[in-house]
Amino acid sequence: MRFSAINRRTLLLLAVLVPLLLLLGYVALRTGPLAAVPVTVTRVENRSIRPALFGIGTVQARYTYSIGPTVSGRVLRVNVHVGDTVKAGQVLGAMDPVDLDQRIQAQQAAIGSTEAQLRQTRTQRDFASSQLARYARLLPTHVISEEVVATRRQDLQVAEDGERAARNALRGARATLAALEAQRGNLDLIAPVDGLITARDADPGTTVVAGAPVIEMIDPSSLWIDTRFDQLSATGLAAAQPASIVLRSRANQPLAGEVLRVDPLADSVTEETLAKIRFKHLPQPLPPIGELAEVTVSLPALPARPTVPNASLQRIDGKLGVWRVAAGKLEFVPVKVLGSDLDGHVQVDGLKAGERVVVYSQRSLGAHSNISIVERIPGVSP
């Protein structure tokens, strides 16, 4: 009886443990570390791709003009407002002349006085010259002495010096007047080109220092996109390459453009290459300065080479490569990227056409991972 009771307990225990062990084994093989990792694979293709660069930029003006006084003063009037279109030579505003008009009038009066003085000295010179000539004719008759002629010659010299001084004084007075009139002319704020007013930095009554802008304007025909590209993918970027511009405010209206230039200085902090992209045709209405834009630059097509999806590239221990599938086993193959396009195709060196590589996996892979090839991984592959 005792032996039978032990056997029954053993059978009951086995009846519980065996299903539990089987369940644990099933879970370990299906979802545990020993389970096969679902992966999707593709074959390496020989294909030609057309690389493209994608960058983000802002609308800027190539030519910006800050218009202000050449000397410190008070703003008298501003004739324009932000958004106004102006013509070259148009008076945009003026500075308060203060006492400049009175100084010009005083200088004009001083010029009149100097001119009268010059006329007087000329008369004195002409008189001294005629006196010298008369006494010089009388000298041979011994009616007058040499001393008298010398005195008249000295009088003529004094008169000529006086005329010369008056002439120099008149020239200096006129130069001073010209400077005052030029200063008076500089009080008018003139548009240097046809343009668009973008800022009004001072209102009438505001005191500004020399060189401080009162009005800012741009040449609207010089709009471009100041664009940044990742240095890793910017190889081949050059002037005159076609580009597509999508303004943030016009997401469904791509605009034609081209690379105007690639800046010689890059951003070492963000590791970006800077380029200027201009519009083939200016959009109307003009986009505001500072608006964000997406720029796609088309590069020359590359010849057919082994190509894989961008999603298949992995970085393991600092090396870029792909997981190659051969005879159901995984092998990490380092590759060198030769080019890529915006559709996700990457040309690589290190693979051959026809080889199979992993595109997506449910979790991280290793050289000894057990894999299960599937058509799609929910939540991972598209």
Side-chain angles (χ1 to χ4, degrees), residues 36-56 227-244 259 262 266-268 270-275 277 294-382:
V37 180
V39 299
T40 62
V41 299
T42 188
R43 291 192 179 275
V44 180
E45 297 180 336
N46 262 337
R47 63 183 300 172
S48 173
I49 64 172
R50 189 174 186 88
L53 301 178
F54 179 79
I56 299 293
T227 313
R228 294 172 172 265
F229 297 96
D230 187 352
Q231 292 178 5
L232 292 176
S233 60
T235 302
L237 182 64
Q241 290 174 337
S244 175
V259 180
V262 179
D267 192 326
S268 59
T270 61
E271 298 183 355
E272 293 172 320
T273 296
L274 310 179
I277 314 297
E294 299 175 354
V295 176
T296 304
V297 178
S298 299
L299 302 180
L302 297 177
R305 294 192 182 98
T307 304
V308 297
N310 182 60
S312 65
L313 297 178
Q314 302 289 329
R315 190 171 294 276
I316 306 296
D317 296 331
K319 294 182 179 180
L320 185 66
V322 298
W323 288 106
R324 181 170 59 190
V325 180
K329 296 183 179 180
L330 289 176
E331 178 187 5
F332 185 75
V333 181
V335 298
K336 178 182 178 182
V337 174
L338 302 177
S340 63
D341 62 18
L342 296 183
D343 293 327
H345 302 116
V346 181
Q347 288 188 343
V348 296
D349 182 20
L351 294 174
K352 296 180 180 179
E355 293 180 324
R356 294 196 304 171
V357 297
V358 173
V359 182
Y360 297 100
S361 63
Q362 194 171 59
R363 60 176 183 266
S364 299
L365 299 176
H368 302 290
S369 295
N370 184 22
I371 62 172
S372 172
I373 299 176
V374 297
E375 291 292 328
R376 182 177 179 274
I377 303 175
V380 178
S381 60

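- Taking the side chain as every heavy atom from C-beta outward, Val322 and Gln314 never approach each other to under 4.5 Å.
- Proximity of Thr42 to Pro309: side-chain heavy atoms (C-beta onward) are separated by under 4.5 Å at one or more points.
- The closest donor-acceptor contact from the side chain of Ser48 to the backbone of Leu302 lies under 3.5 Å.
- Of all heavy-atom pairs between Thr296 and Ala52, the closest is CG2-CB, 4.1 Å.
- Side chain of Arg324 to main chain of Val357: no donor-acceptor pair is present (N/O by atom type, distance under 3.5 Å, no hydrogens or angles).
- Using a 4.5 Å heavy-atom cutoff, the side chains of Leu330 and Ile371 are in contact.
- Separation of atoms CG (Asp230) and CD1 (Ile56) is listed at 12.0 Å; rounding is to 0.5 Å.
- With sequence neighbours excluded, the residues that form a salt bridge (charged side-chain N to carboxylate O under 4.0 Å, His left out) with Glu272 are Arg228.
- Looking only at distances, a side-chain donor or acceptor of Gln347 sits under 3.5 Å from a matching main-chain atom of Pro303.
- Phe54 contributes atom CZ, which lies 8.0 Å from atom CG of Leu342 (distance to the nearest 0.5 angstrom).
- Contact check for Arg305 versus Leu338: side-chain heavy atoms found under the 4.5 Å cut-off.
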Pair Ile377-Thr40, side-chain contact (heavy atoms from CB on, under 4.5 Å): steps then yes or no: CA-CA 7 Å; Ile377 303 175; Thr40 62; 4.0 Å; yes
Intermediate values then yes/no, side-chain contact (heavy atoms from CB on, under 4.5 Å), Asp349 and Val335: CA-CA 6 Å; Asp349 182 20; Val335 298; over 6 Å; no
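- Inter-residue side-chain proximity for Ser298 and Arg50 is flagged as met; some heavy-atom pair is nearer than 4.5 Å.
- Heavy-atom minimum distance, Leu237 versus Ala275: CD2-CB, 4.1 Å.
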Chi angles and distances behind the side-chain contact (heavy atoms from CB on, under 4.5 Å) call for Val358, Leu365: CA-CA 10 Å; Val358 173; Leu365 299 176; 4.0 Å; yes
Stepwise side-chain contact (heavy atoms from CB on, under 4.5 Å) check, Leu313 with Val337: CA-CA 10 Å; Leu313 297 178; Val337 174; 4.2 Å; yes
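- For Arg47, the salt bridge (charged side-chain N to carboxylate O under 4.0 Å, His left out) partners two or more places apart in sequence, or in a different chain, are Glu45.
- By the salt bridge (charged side-chain N to carboxylate O under 4.0 Å, His left out) test, Glu271 pairs with no residue at all, sequence neighbours left out.
- A pairwise comparison of heavy atoms in Gln231 and Thr273 identifies CG-OG1, 3.5 Å as the closest pair.
- Screening Leu320, Val308, Val333 against Val348 for a side chain to side chain contact (heavy atoms under 4.5 Å, CB included) leaves a single residue, Val308.
- The CD1 atom of Ile277 sits 4.5 Å away from atom CZ of Phe229, with the distance rounded to the nearest 0.5 Å.
- Side-chain contact between Asn310 and Ser312: absent, with no pair of heavy atoms (C-beta onward) separated by less than 4.5 Å.
- Counting heavy atoms from C-beta on, the side chains of Val39 and Trp323 never come closer than 4.5 Å.
- A donor-acceptor pair is defined here as one N or O able to donate and one able to accept, closer than 3.5 Å; no such pair exists between the side chain of Asp343 and the backbone of His345.
- For the atom pair Asn46 CG and Leu351 CG, the distance stands at 11.0 Å (nearest 0.5 Å).
- Counting heavy atoms from C-beta on, the side chains of Gln241 and Leu299 come closer than 4.5 Å.
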